[in-house]
Amino acid sequence: MIKSIKGTRDILPPESALWSRVENTAREIFERYGFAEVRTPIFESTELFARGVGADTDIVSKEMYTFEDRDERSLTLRPEGTAPVVRAHIEHRLQQETSIAKLYYLGPMFRRERPQKGRYRQFHQIGAEVLGSDNPAIEAEVLEMLQFFLRLLGIQDQTLLVNSIGCPACRPQFLEHLKRSLAEKKTGLCPDCQRRSETNPLRVLDCKVESCQPAIESLPKISDFLDSACRAHFEKFLGYLASRQVAFTIVPRLVRGLDYYTRTTFEITSGALGAQNTLIGGGRYDGLAEALGGPSTKGFGFALGLERILLVLQDRGNPPDPLTPQVYLAPLGERAFDTATLIAKCMRENGIRCFLDFDARSLKSHLRLANKLGSLYALIFGEVELQAGNYQLKQMTNGEQTTLTPDELMRAAESSGQADLRTSILKALFLARSTYHF
RNA sequence: GUGAGUGUAGCUCAGCUGGUAGAGCGCUGGAUUGUGGCUCCAGUGGUCGUGGGUUCGAUCCCCAUCACUCACCCCA
């Protein structure tokens, strides 16, 4: 049997309906905040990520799906969305169009990691970027938008964690002090942290091992090393959050794993997710556009993990509201079936979700299927009805069944105003009869 | 890349110190020649993940391998 490959999965109904709901909510809300959709290719030149994300990051050094095409160009399945959006912004000179661009995207990303809860090799992100401004007010607005978005989905118990990681001007001093301090405390650290002290000192701050905590507490804090511009930026940002009544927690140890982040970073987490509890992550990246060879363009953005959002929603027992038929057609006999195909055509042209099976079935079997599908009505007709020119309409929810006469169909067709489902069905049926003469 | 756990019917799982497999749900049909859901009956279902070893005999014990899950690393 051919199976989907490791770390990928099929999203089947009714779960897929829940995905649509989340995606539609995001589109609706982001557009309300002035963002427009951008669709970038799923694969890009490998260099884009090497330069944008950082050659030394885990993503680039060991997690990318990279291959050569026939021109021997190195291509990579996108592992994240920000670098491609910034690339597109530079390539199409969008800065010339408007000084500020607000773009959102949604789609699959690819990283070759060991799958686990809330982590896949093909996973899906919704993200947004604001390009062309370094005003911290933008950041506060985006976070307000995200909390609104989560609230609409019914995710209330989220936590917003914020921090500033400084800029290329002030971070090096901090890193130096951090490294020196780490070297002194080396013996008190776990093996992972001893290694991280060399390879990625910032990550030591994020260590969860209990025995490391005392040492971590005594390490220098980034906030003590921010230069005046970064400090002012961060304080304004916090002020804007407060005035918008967006609740937050400052976490001085919050760091990001991608090279392009500067100044503001944030994370929105939720419990009940297992080890991967980050729902949304993002921050400012004022140097990215230049690193990619474009004009200096300040940027701020985020990405949210759809799989993780869905995990939280499913954990809450959200009903995935499946698309049930509004009418199930139950023709009895060959002649009735031929008529049913015409009725189905007319129903569908008039906006009614209608189900017609192609096997000859007994009435019992028809109704069982209608019930199984959750259909609201069943339209029953066989030779008896065809002779008399009428139909049996059964309401599946309460079992009430009425005989529809040609007279009644005509009355429904002539009624005006907002039609309920039953009337809409009668109208479509009338239309089918007068169009196809049966 | 590392560690741990789990692989038995479409799904969720039983299977006692090794004697070649069961239940519930589902699906199909019937009880009700043209009336669903509840009930009852019948039918459909499985190379016991794969390969090798031990044994008279392995779903069970041993080894290997693959897959899945969770965790580490790291990230959404």
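Below, read A as the first sequence line, B as the second, and so on, with proteins coming before strands; counting in each chain starts at 1.
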Quick one: A:R112 CZ to B:rC73 P, roughly how many Å, whole number?
19 Å
How many Å lie between CG on A:D359 and P on B:rU28, as a whole number?
11 Å
With a non-hydrogen cut-off below 4.0 angstrom, is A:E80 in contact with a base, only sugar-phosphate, or nothing?
nothing
For the side chain of A:Q392 and the base of B:rU35, is some donor closer than 3.5 Å to an acceptor across the two?
no
Within the structure provided, determine whether A:R111 and A:I59 are in side-chain contact (heavy-atom separation under 4.5 Å).
yes
If I take atom CZ in residue A:R121 and atom C1' in nucleotide B:rC74, what distance separates them, rounded to the nearest angstrom?
14 Å
What nucleic acid atoms does A:T397 come within less than 4.0 Å of, heavy atoms only: base, sugar-phosphate, or nothing?
base
Mind checking A:G399 for me? I need base, sugar-phosphate or nothing, with any heavy atom below 4.0 Å counting as a touch.
base
Separation of B:rU69 P from A:L311 CG (nearest whole Å):
12 Å
Salt bridge (Lys or Arg N to Asp or Glu O under 4.0 Å), that's the test. Do A:R9 and A:E15 meet it? Break it down for me.
CA-CA 12 Å; A:R9 67 187 206 96; A:E15 190 196 350; 2.7 Å; yes
Cation-pi check for A:F49 against A:R78: NZ or CZ below 6.0 Å from the six-membered ring centre and within 45 degrees of the axis, yes or no?
no
Can you check whether any acceptor in the base of B:rC72 is under 3.5 Å from a donor in the side chain of A:R114, or vice versa?
no
Identify which nucleotide among B:rG34, B:rA76, B:rG37 has an atom closest to any side-chain atom of A:Q125, counting heavy atoms from C-beta outward.
B:rA76
Working to the nearest 0.5 angstrom, can you tell me the gap between A:R335 CZ and A:E383 CD?
4.5 Å
Can you tell me how the ring of A:F358 sits relative to the ring of A:F337, calling it parallel under 30°, perpendicular over 60° and tilted otherwise?
perpendicular
Side chain to side chain, A:T66 and A:L75, heavy atoms closer than 4.5 Å:
no
Looking at A:Q116, does any N or O in its side chain come under 4.0 Å of the phosphate oxygens OP1/OP2 on B:rC72?
yes
Taking atom P in both B:rC13 and B:rG34, what distance in whole Å separates the two?
39 Å
Using a heavy-atom cut-off of under 4.0 Å over every strand shown, decide if A:L332 touches base, sugar-phosphate, or nothing.
base
Could you tell me if the side chain of A:F237 sits less than 4.5 Å from the side chain of A:L143, heavy atoms only?
yes
For A:E267, answer base if it contacts any base atom (sugar-phosphate contacts may also be present), sugar-phosphate if it contacts only those atoms, and nothing otherwise; contact means non-hydrogen atoms under 4.0 Å.
nothing
Residue-phosphate contact under 4.0 Å: A:K372 side-chain N/O, B:rG36 OP1/OP2:
no
Pairwise 5' ranking along RNA chain B for A:S4 and A:A303, keeping only the more 5' one:
A:S4
May I ask you to verify whether the side chain of A:E385 and the base of B:rG34 hold a donor-acceptor pair under 3.5 Å?
yes
Please give, in whole Å, the distance from B:rU50 P to A:K3 NZ?
12 Å
Checking the side chain of A:N350 only, and the main-chain atoms of A:C346 only, is there a donor and an acceptor separated by less than 3.5 Å?
yes
Reckon A:S365 has a side-chain N or O less than 4.0 Å from the OP1 or OP2 of B:rG29?
yes
B:rU32 P sits how many Å from A:H366 NE2, rounded?
22 Å
Any carboxylate oxygen within less than 4.0 angstrom of a Lys/Arg side-chain nitrogen, looking at A:E23 and A:R27?
no
With heavy atoms under 4.0 Å as the rule, sort A:G282 into base, sugar-phosphate or nothing.
nothing
Give the dot-bracket line for RNA chain B from 5' end to 3' end: parentheses for intra-strand Watson-Crick or G-U pairs under 3.5 Å, square brackets for crossings, | for inter-strand pairing, dots for unpaired.
(((((((..((((.....[..)))).(((((.......))))).....(((((..]....))))))))))))....
Between B:rG34 (P) and A:I380 (CD1): distance, integer Å
13 Å
Between the base of B:rG36 and the side chain of A:N371, is there a donor-acceptor distance below 3.5 Å?
yes
Using whole Å, report how far CZ of A:R368 lies from C1' of B:rG34.
14 Å
For A:K394, answer base if it contacts any base atom (sugar-phosphate contacts may also be present), sugar-phosphate if it contacts only those atoms, and nothing otherwise; contact means non-hydrogen atoms under 4.0 Å.
base
Between B:rG18 and B:rG10, how far apart are the two C1' atoms, rounded to whole Å?
30 Å
Taking the nucleotide of RNA chain B with the nearest heavy atom to each, does A:K6 or A:E63 sit closer to the 5' end?
A:K6
